[in-house]
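Notes to accompany the following structure.
Owing to the predicted nature of the structure, the values given are computational and were not obtained by experimental measurement.
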Amino acid sequence: MGTRSAKLDVAVTNGRKGLFALASIAKDEVLIDLNGEDALASPTKRSLQIGEGKHVFGREGTVGYLNHGCEPNAFLDFSCLCVRALKDIRAGEEVKVNYAATEYEMHDSFRCDCGSPACLQMIRGFKFLTRDQQLKLRPYLAPYLLRRLDGEV
């Protein structure tokens with residue numbers, strides 16, 4: 001079963017739960033290990049897509065409260081099947097990933113209000129991004145999305 005770093009905990013901000021850093025986190029540090037997690041064939045509101053027709057259930061102890069950010073500070077590293085810090089994260093900062101880098105089509109789309117100049121506005125999944133938006137995500141894309149990007153599907 002997957003595990004979450006002791007440096008993370010669930011907290012509420014703006015009326016929603018998220019994962020927040022309890023201490024400083026260094027770039028490249030593993031935050032959540034997803035190995036051993038049960039896989040689902042279909043997405044749920046709290047799952048994270050890890051492959052074609054393969055989703056990890058969002059348990060509170062792992063990715064259940066891992067929220068989206070258009071300019072994330074973490075990403076899903078498929079070489080270890082873990083969530084890894086994309087940059088240094090300060091204590092108190094919310095840990096976020098870009099859902100469009102892993103989700104082909106979201107179970108539930110939503111309007112993003114992150115305020116970033118790079119904001120995608122509507123988060124629906126990789127399938128709905130423009131080609132330029134898809135190419136910008138290339139370094140962090142799930143392998144099955146890379147195959148789609150490269151026209152191998």
What's the spacing between Lys127 NZ and Tyr104 OH if we round to 0.5 Å?
-> 5.0 Å
Please lay out, stage by stage, how Ile123 and Cys70 fare under the test side-chain contact (heavy atoms from CB on, under 4.5 Å).
-> CA-CA 9 Å; Ile123 309 305; Cys70 291; 4.2 Å; yes
Regarding Tyr144 and Gln49, is there a side-chain donor-to-acceptor distance under 3.5 Å anywhere?
-> yes
Going by an N to O cut-off under 4.0 Å, is there a salt bridge joining Lys7 and Glu29?
-> yes
Partner of Phe57 under side chain to side chain contact (heavy atoms under 4.5 Å, CB included), picked from Thr62, Leu48, Leu40, Asp38, is Leu40
Decide whether a cation-pi geometry holds between Arg148 and Phe126; the criteria are a distance under 6.0 Å from NZ or CZ to the six-membered ring centre and an angle within 45° of the ring axis.
-> no
Expected output: side-chain Asp108 to main-chain Lys45 donor-acceptor under 3.5 Å | no
Examine distances only and state if a side-chain atom of Asn73 and a backbone atom of Lys96 form a donor-acceptor pair shorter than 3.5 Å.
-> yes
Which atom of Asn67 lies closest to which atom of Gly18, heavy atoms considered = ND2-CA, 3.4 Å
Atom CG of Leu76 and atom SG of Cys82: how far apart are they, to the nearest 0.5 Å?
-> 7.5 Å
Going by the angle between their ring planes, with limits at 30° and 60°, are Tyr99 and His68 parallel, tilted or perpendicular?
-> tilted
Nearest atoms (heavy-atom pairs only) where Ile89 meets Ala21 | CG2-CB, 4.0 Å
Minimum-distance pair of heavy atoms, taken over all atoms of Val30 and Ser5 | O-CB, 4.2 Å
Can we say Asp9 and Arg4 salt-bridge, meaning some charged N sits less than 4.0 Å from an Asp/Glu carboxylate O?
-> yes
Output the distance between atom CZ (Arg111) and atom CZ (Arg124), rounded to the nearest 0.5 Å.
-> 10.0 Å
Take Leu31 and Ile25, measure what side-chain contact (heavy atoms from CB on, under 4.5 Å) needs, and give me the verdict at the end.
-> CA-CA 9 Å; Leu31 304 175; Ile25 295 169; 3.5 Å; yes
By side-chain contact (heavy atoms from CB on, under 4.5 Å) - contacts of Ala118 (at least two apart) = Glu71, Ser116
Before giving the answer on salt bridge (charged side-chain N to carboxylate O under 4.0 Å, His left out), spell out for Arg84 and Asp33 the whole-Å C-alpha distance, their side-chain angles and the decisive distance to 0.1 Å.
-> CA-CA 9 Å; Arg84 188 180 293 278; Asp33 178 357; over 6 Å; no
Lys/Arg N to Asp/Glu carboxylate O, Lys87 vs Glu93, below 4.0 Å | no
Flag side-chain contact, heavy atom, 4.5 Å: Phe128 against Met122 = no
Would you name the heavy atoms of Ser42 and His55 that are closest together and state the gap between them?
-> C-CD2, 3.5 Å
Should Leu8 and Leu22 count as side-chain neighbours, where that means a heavy-atom distance under 4.5 Å?
-> no
Flag yes if more than 12 heavy atoms outside Lys54 fall under 6.0 Å of its NZ atom; otherwise flag no.
-> no
Between Ala142 and Thr102, the two heavy atoms sitting closest are CB-CA, 4.3 Å
Run the side-chain contact (heavy atoms from CB on, under 4.5 Å) check on Glu37 and Leu34 step by step: do they pass?
-> CA-CA 6 Å; Glu37 285 292 287; Leu34 294 170; 4.2 Å; yes
SG-SG distance Cys112 to Cys114 under 2.5 Å = no
Are Leu137 and Leu145 close enough, and set up right, to give a side-chain contact (heavy atoms from CB on, under 4.5 Å), and what steps lead you there?
-> CA-CA 10 Å; Leu137 291 175; Leu145 292 178; over 6 Å; no
Only one of Leu146, Val97, Leu86 clears side chain to side chain contact (heavy atoms under 4.5 Å, CB included) with Tyr140; which?
-> Leu86
CZ (Arg16) with more than 12 external heavy atoms under 6.0 Å = yes
Would you check if there is a donor-acceptor pair between the side chains of Thr130 and Asp132 at a distance under 3.5 Å?
-> no
For the residue pair Leu141 and Leu149, establish whether any side-chain heavy-atom pair is separated by less than 4.5 Å.
-> yes
Linking I/L/V/M/F/W/Y whenever their side-chain heavy atoms sit closer than 4.5 Å, directly or via other members, would Val83 and Met106 fall into one cluster?
-> yes
